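Heavy atoms only: backbone and side chains are in, while hydrogens, waters and symmetry mates are out. Since we're looking at a predicted model, the values are computed, not measured.
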Amino acid sequence: MKKTTRFRELVAAPQLLMLPVAHDGLSALAIAEAGFEAMAVAGYGSSGSLLGLPDIGLLTATEMLAHYAHLVARVDIPVMVDIDTGFGDVNNVIRTVREAERLGAAALFIEDQTFPKRCGHMAGKSVVPVEEYLPKLRAALWARQDPDFVIMARTDAAAVYGLDEAIRRANLYAAAGADMVFVEAVTTVEDMRKVNASVPVPSMANMIEGGRTPFLTASELQDVGYAVVAYPCASVFTAVRALRAWAGHLKAHGTSAGFAGPDTMVDFEEYFHFIGAAAMREREKLFFGTGE
């Protein structure tokens, strides 16, 4: 089955689809190893991982797409990607959507923030008029080659103009043909229910540790009406905590002895298998026969 078809089926299924978000190849492998049916990769962790800088629109389309391509190629499960505001006008959107399809993504989302965008839970966001965003969304829908490729419309209007405007936009985006909608930074469970009762297409929630949206379990999110939930920051938050602890210990003690252990590090052999090196060594044997 095509990954696009599989992703579309997972969104439509009765069970909430959980999308952990990878920030690099290692986190992508860990997510796939854990048994998730799909995953995502987005600007927040990618900007931190690639640049060591915040998600404020600093990554170019070329950088983001190249990063996505590596992750998509490394895992067998469907991957949804983030194309921010589309990186320009409708022509840029068309090129970006087609490149995302070409690299093997199963889905993408495009947002209605002004450029440069901000992480959805940062202060100081602004959104473009609906009349500016809708042509980009229509261009994205027109550009896709595979009808199963899922395109989600994201609105950040709730933090700028209030929930009613965000819902109005979400409905306009659904009417324009978006397969899914994502109303970002909803601040109460009551408002989360209101969003899902008001939109005619599947809706996604964003669960950010310390963010603006109530931090609910998967079953609670399904109960309030969501079809999909993404976890956009947890992998990079986890990596930063672990790396700071290791670097601090090494600096203080001149060795990782006393820090290294099964709860803090994998060892050489475990990493050798995790990264795929052991499987590669076995695969090499196929090509070094006796010649008989």
Side-chain angles (χ1 to χ4, degrees), residues 1-12 17 19 38-43 46 57 59-69 71-73 78-117 120 126-157 165-184 195 198-204 227-228 230:
M1 181 184 294
K2 296 181 302 181
K3 291 181 181 179
T4 52
T5 306
R6 178 59 178 154
F7 189 86
R8 188 172 285 270
E9 286 187 350
L10 290 168
V11 171
L17 174 60
L19 292 180
M39 57 173 276
V41 55
S46 297
L59 282 172
T60 66
T62 302
E63 289 171 322
M64 288 184 79
L65 290 166
H67 181 58
Y68 297 162
L71 273 62
V72 169
V79 180
M80 181 174 73
V81 303
D82 169 12
I83 64 166
D84 284 352
T85 62
F87 302 103
D89 66 5
V90 293
N91 295 301
N92 297 93
V93 169
I94 289 167
R95 183 183 179 207
T96 303
V97 169
R98 289 189 171 165
E99 287 295 309
E101 261 197 282
R102 184 187 60 79
L103 65 84
L108 63 76
F109 68 87
I110 180 171
E111 63 199 63
D112 63 3
Q113 283 197 50
T114 57
F115 182 84
K117 55 77 57 80
S126 59
V127 293
V128 299
V130 168
E131 295 77 15
E132 183 176 331
Y133 177 76
L134 280 174
K136 291 185 177 184
L137 177 59
R138 295 188 193 111
L141 295 164
W142 179 87
R144 65 179 164 190
Q145 307 292 295
D146 179 353
D148 283 345
F149 186 79
V150 171
I151 293 179
M152 181 171 71
R154 164 177 159 173
T155 179
D156 285 75
E165 172 61 10
I167 291 173
R168 184 183 79 88
R169 288 182 176 227
N171 277 287
L172 287 172
Y173 302 163
D179 300 301
M180 296 172 58
V181 294
F182 171 24
V183 178
E184 173 65 300
V195 166
S198 302
V199 297
V201 295
S203 173
M204 190 181 88
V228 180

Separation between CE (M1) and CZ (F7), nearest 0.5 Å, reads 14.0 Å

Check: Does the pair L71 and V79 meet the rule for a side-chain contact (heavy atoms from CB on, under 4.5 Å), with working shown?
Finding: CA-CA 9 Å; L71 273 62; V79 180; 5.8 Å; no

Next item on the list: Keeping the roles fixed (side chain from D112, backbone from D156), state whether a donor-acceptor pair exists under 3.5 Å.
Entry: yes

Kindly indicate whether the side chain of T114, heavy atoms from C-beta on, has any atom under 4.5 Å from the side chain of T85. no

query: Between V128 and K136, does a side-chain contact (heavy atoms from CB on, under 4.5 Å) hold up when you go through it step by step?
result: CA-CA 11 Å; V128 299; K136 291 185 177 184; 6.0 Å; no

Rounded to the nearest 0.5 angstrom, the OG-CG distance for S46 and D84 is 9.5 Å

Separation between CG (D148) and CD (E9), nearest 0.5 Å, reads 8.5 Å

| message | Is it the case that atom CZ in R144 sees more than 12 heavy atoms from other parts of the structure closer than 6.0 Å? | response | yes

Notebook entry, point to check: Just by distance, do the side chain of N91 and the backbone of I94 share a donor-acceptor pair under 3.5 Å?
Noted result: no

| message | Set out, in order, the CA-CA distance, both residues' side-chain angles and the distance that settles side-chain contact (heavy atoms from CB on, under 4.5 Å) for F149 and D179, then state yes or no. | response | CA-CA 9 Å; F149 186 79; D179 300 301; over 6 Å; no

*Quick one: do I110 and Y133 satisfy side-chain contact (heavy atoms from CB on, under 4.5 Å)? Show the steps, please.*
CA-CA 9 Å; I110 180 171; Y133 177 76; 3.5 Å; yes

query = Quick one: does M80's side chain get under 4.5 Å of M180's, heavy atoms only?
reply = no

Student check: side-chain heavy atoms of D89 and N92 closer than 4.5 Å
yes

Taken to the nearest 0.5 Å, the spacing of N171 CG from I167 CD1 works out to 7.5 Å

| query | Distance-only, no hydrogens or angles: does the E132 side chain make a donor-acceptor pair with backbone N or O of P129 under 3.5 Å? | reply | no

Side-chain heavy atoms of R169 within contact of V127, under 4.5 Å: yes

R98 side-chain N/O to A143 backbone N/O, donor-acceptor pair under 3.5 Å: yes

**Q.** Pairing of R8 and D146 as salt bridge, 4.0 angstrom limit
**A.** no

Is E99 salt-bridged to R102, going by a charged N under 4.0 Å from an acidic O? yes

In this structure, OG1 of T62 is separated from CZ of F87 (nearest 0.5 Å) by 8.5 Å

When rounded to the nearest 0.5 Å, the distance separating CD1 of I151 from CG of L108 is 5.0 Å

